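What follows is a single structure, written as structure tokens, with notes after it.
Order of the sequence lines fixes the chain letters, A, B, ..., with proteins taken first and strands second; residue numbering starts at 1 for each chain. Note that the structure is a prediction, hence the values are computed from the model and not measured. Heavy atoms only: backbone and side chains are in, while hydrogens, waters and symmetry mates are out.
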There are 2 protein chains.
Amino acid sequence: MNVRLSELIEAYIKELMEESDDFVEFGRNELAEHFHCVPSQINYVISTRFSPERGYYVESRRGGGGNIRIKRIELSQNDYIMHILHSIESNLSQNEVGIMIQNMVEYDIVSEEVARLMSVATNDKVLNLPNDLKDSVRTRIFKNLLINLI
Amino acid sequence: MNVRLSELIEAYIKELMEESDDFVEFGRNELAEHFHCVPSQINYVISTRFSPERGYYVESRRGGGGNIRIKRIELSQNDYIMHILHSIESNLSQNEVGIMIQNMVEYDIVSEEVARLMSVATNDKVLNLPNDLKDSVRTRIFKNLLINLI
DNA sequence: TACTTATAAAAGTCAAAGAAAGTCAAAGTA
DNA sequence: TACTTTGACTTTCTTTGACTTTTATAAGTA
């Protein structure tokens, strides 16, 4: 596959959210239908892209008329950074850090330049460490960079 | 073999880069397919020809839709940075990196903010690595940050 | 009517399969 | 000897689907 479906779905949800005051509500099945994918794909996107540590609040209801609601938590720049810092409980992959940095750019927490430097300093190829060290070193660097931003 | 395949691949990537503003993005498998070689040949070319010393920054993603991205900085237009890059012949201590960063601030190559970020990302305490790894990781991070300053 | 039960319509979970790129060392070549 | 090519094996991220849980509503019963 050429383009990642997950990213299309992520972008779509963010677009909807922009249009309606940082809040979006949808049926999981409808959205899956719209993208011609299985419903659990939506869960994957939510858990990798719209988790609390990324600054979102998610709730849902099952059963007839059930749906999923995502609300972006509105925080000042410093609070946003503090929120991320507090919510990091385990080590992060390059991808996870990348998604967080991308969000920070989108929400004007950091400049493009700072974002670029942060992703360089947390990049797998750059670190080039054995697997048992990679994620922990990356996470330490990332956290310290965040602290530095406050 | 008469002509080294590695050189053909190198030339091809550079050609693509010329055409598109010093940036290329491709699938490793596609490129390998194009040259009828094994995918790991691409890694060999990248690691031997597209290093920071030569002015390149490389990043990649695995998994579905994964790819490799290479960007280049114009050597001649960034004299000072290339000068620093070339002057690094062995691994650097925190102190040595610190001095270089300070010089860059004095010469107005980087802002205070960026300088601070660079020091955090190359700091001993932050990296918290065994001695045999510390300096090499620091140096890789520093070099790659340099490439990305522009 | 009030309460219980069945049915169907959601969303959630989790692990397997798939799709990429990375690593490393052996073999080949100049 | 130094550089290049190859390929088996690993790691990372995404997609899929079978199975589970929850909830609203309709149907049945006292």
From CG of B:L5 across to P of D:dG7 the rounded distance in Å is 13 Å
For a side-chain contact (heavy atoms from CB on, under 4.5 Å) check, start with the C-alpha distance between B:Y57 and A:V126, then their side-chain angles and the critical distance, and finish with the verdict. CA-CA 9 Å; B:Y57 176 67; A:V126 173; 3.9 Å; yes
Once you round it to whole Å, what is the distance between P of D:dT14 and CD of A:E7? 7 Å
Rounded to the nearest angstrom, tell me the gap between atom CG in A:D135 and atom P in D:dT11. 12 Å
Between NZ of A:K125 and C1' of C:dT23 the distance, given in whole Å, is 11 Å
Looking only at the aromatic ring of each residue, does the gap between the centers of B:F35 and B:Y12 stay below 6.0 angstrom? yes
Find the distance A:I42:CD1 to D:dT16:C1' and express it as a whole number of Å. 13 Å
Choose from D:dT14, D:dC3, C:dC24 the nucleotide whose nearest atom is closest to any side-chain atom of B:S40. C:dC24
Whether A:S51 side chain and A:T48 backbone form a donor-acceptor pair below 3.5 Å: no
Charged N to carboxylate O below 4.0 Å: is that the case for B:R72 and B:E74? yes
Spacing of A:R4 atom CZ relative to D:dT15 atom C1', expressed in whole Å: 13 Å
Strictly below 4.0 Å, N to O, side chains only: are A:E106 and A:K14 in salt-bridge contact? yes
I need the CD-C1' distance between A:Q94 and D:dT11, as an integer number of Å. 12 Å
B:R61: side chain to side chain donor-acceptor pair (under 3.5 Å) partners, not counting sequence neighbours: A:E7
Protein-to-nucleotide contact annotation, 5' to 3' order, nucleotides 7-12 of chain C [B base; S sugar-phosphate only; - none; under 4.0 Å, heavy atom]: --BBBB
Side chain of B:C37 - closest among D:dT6, C:dT13, D:dC13: D:dT6
Nearest to the side chain of A:Q41 - D:dT16, D:dG7, D:dC13? D:dT16
Return no unless some side-chain N or O of B:Y44 is found under 4.0 Å from OP1 or OP2 of D:dT4. yes
Phosphate OP1/OP2 of D:dT12: any A:K134 side-chain N/O under 4.0 Å: yes
Rounded interatomic separation in angstrom, taking CG from A:N131 and C1' from D:dC13: 14 Å
Okay, side chain of A:Q94, backbone of A:D124: is any donor-acceptor separation there less than 3.5 Å? yes
